[in-house]
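Everything quoted here is computed from the prediction, not taken from an experiment.
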Amino acid sequence: MKKHSAKVAPVSSFSVSELHAAIIDGGEGAQANTENTSENHEKSRCQSCTSTFLKIVWGFLIILSVSSSWVGTTQIVKITYKNFYCPFFMTWFSTNWNIMFFPVYYSGHLATAQQKQSLLQKIRECSRIFGEDGLTLKLFLKRTAPFSILWTLTNYLYLLALKKLTATDVSALFCCNKAFMFLLSWIVLKDKFMGVRIVATIMAITGIVMMAYADGFHGDSIIGVALAVGSASASALYKVLFKMFLGTANFGEAAHFFSTLGFFNLIFISCTPIILYFTKVEHWSSFSALPWGYLCGVAGLWLGE
């Protein structure tokens, strides 16, 4: 019997070199993919760090702006009181400036938006904050009246407190509104309970008692402390109710709401300073004698807060 030996075909040098090149190309491709992945990861990290840094800077600028406006308002009010003491008129006059919120917002919309809307279209769009039917007379009174009263009460009590206490004491006491906001949010909005905030609230209340005790529980000191704490409480209630009813509002809807608040103040609250004027509770000789520069300064800074 003849034995058939199996013949093995020789591997050509071309095939070996081709295989070797493919292995090298594959390795280079994997290395390139790894490098691209690492580069993308580094870019995403840089973008994340930049975004975080910009948020911190933006938040710092907002805090600085609000704090500067509040301090400026307080100091101008103290200067105004030297020759003119009409706290409710100052509150009413400053609140009327809220009407400017929506016009300023709409001017920014016209300057920056690619698809510009007419004024009526924008008003209808932003009126949805009051409901699907927009702003009706019933909703105007129902939604605006409580906020207008709280807004006026907050500012009026604050101005009264500035007559009794120094600007530093009143500003420090008013900062307790954050503690009151936490308590109200916990009770009304069912926010998450946090022990650290409870400790901060207790410390804030302790500070109020100590400031009242420093000058004794009598005279202008205790009245000033009570007025400042009342202002902080009204401010906290205002902000909690705003979050409760209008918490999802965008910037345009918020601007529309504040302008509506100003109109409500102009229409329905204007009778109060007139009554105070004729009863000589808050009286001045003539309109030309009013410190319009200081009044406009207070209103403008309050508008920026």
Side-chain angles (χ1 to χ4, degrees), residues 58-59 62-63 65-67 69-70 73 91-92 94-106 108 122-159 171 173-194 197 200-201 204 228-269 299-305:
W58 182 245
I62 292 176
I63 293 173
S65 175
V66 173
S67 302
S69 298
W70 193 261
T73 301
T91 302
W92 171 82
S94 300
T95 305
N96 286 336
W97 281 47
N98 284 354
I99 297 173
M100 296 173 60
F101 265 106
F102 191 78
V104 171
Y105 163 76
Y106 185 70
K122 203 64 181 175
I123 290 175
R124 291 194 190 98
E125 179 184 324
C126 296
S127 295
R128 294 174 186 171
I129 190 174
F130 294 98
E132 293 297 329
D133 297 331
L135 181 60
T136 61
L137 180 60
K138 180 180 178 180
L139 287 174
F140 175 72
L141 297 174
K142 181 180 178 181
R143 287 289 179 90
T144 311
F147 288 102
S148 180
I149 293 171
L150 287 173
W151 179 285
T152 302
L153 190 63
T154 298
N155 296 332
Y156 181 56
L157 292 177
Y158 187 85
L159 294 182
S171 299
L173 288 168
F174 187 79
C175 289
C176 296
N177 70 333
K178 304 300 180 184
F180 300 149
M181 279 180 60
F182 166 68
L183 292 176
L184 289 173
S185 298
W186 181 38
I187 297 170
V188 178
L189 302 179
K190 309 299 181 183
D191 281 359
K192 183 180 178 181
F193 175 83
M194 296 183 66
R197 293 185 178 180
T201 302
V229 173
S231 176
S233 303
S235 174
L237 182 59
Y238 171 90
K239 292 177 180 179
V240 170
L241 291 178
F242 186 90
K243 184 178 180 181
M244 181 177 179
F245 292 108
L246 310 169
T248 58
N250 56 37
F251 188 73
E253 292 172 341
H256 184 277
F257 175 78
F258 286 121
S259 291
T260 306
L261 201 69
F263 277 113
F264 184 92
N265 180 78
L266 181 63
I267 296 171
F268 294 100
I269 310 295
L301 290 173
W302 244 333
L303 191 66
E305 295 170 8

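- Atoms OG and CZ, from S148 and F263 in turn, are 13.0 Å apart once rounded to the nearest 0.5 Å.
- For F140, the CZ atom is densely surrounded, since the number of other residues' heavy atoms within 6.0 Å is greater than 12.
- The structure places NZ of K178 at 4.0 Å from NZ of K239, a figure rounded to the nearest 0.5 Å.
- In this structure, F268 places its CZ atom where more than 12 heavy-atom neighbours from other residues, nucleotides or ligands lie under 6.0 Å away.
- With 3.5 Å as the limit, one finds a donor-acceptor pair spanning the side chains of W70 and Y158.
- Using a 4.5 Å heavy-atom threshold, the side chains of V240 and F180 count as separate.
- Contact detail for F147 and F242: the closest heavy-atom pair is CE2-N, 3.4 Å.
- For the pair I269/T95, no side-chain contact is recorded, criterion being any heavy-atom separation below 4.5 Å from C-beta on.
- Note on ring orientation: taking the six-membered ring where Trp is involved, the planes of F102 and Y105 are tilted (angle from 30° to 60°).
- A side chain to side chain contact (heavy atoms under 4.5 Å, CB included) with W151 holds for exactly one of N155, I149, L153; it is N155.
- One distance of note links CG of N265 with OG1 of T260; it measures 12.5 Å at 0.5 Å rounding.
- Between N98 and W302 there is no side-chain heavy-atom pair separated by less than 4.5 Å.
- Looking at residues two or more places apart in sequence or on another chain, you find no side chain to side chain donor-acceptor pair (under 3.5 Å) involving Y238.
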**OP:** Begin from the C-alpha positions of S127 and H256 and carry the test side chain to side chain contact (heavy atoms under 4.5 Å, CB included) through to its verdict.
**Re:** CA-CA 7 Å; S127 295; H256 184 277; 3.3 Å; yes
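- Here W97 pairs with nothing under the side chain to side chain donor-acceptor pair (under 3.5 Å) rule; sequence neighbours left out.
- To the nearest 0.5 angstrom, S185 atom OG is 11.0 Å from M244 atom CE.
- Closest approach of S235 and T154 over heavy atoms only: N-OG1, 3.2 Å.
- Distance check, rounded to the nearest 0.5 Å: CH2 of W92 to CG of N96 gives 5.0 Å.
- From S233, atom OG reaches atom CG of N177 across 9.0 Å, with rounding to the nearest 0.5 Å.
- The two residues C126 and E253 make their nearest non-hydrogen contact at O-CG, 3.6 Å.
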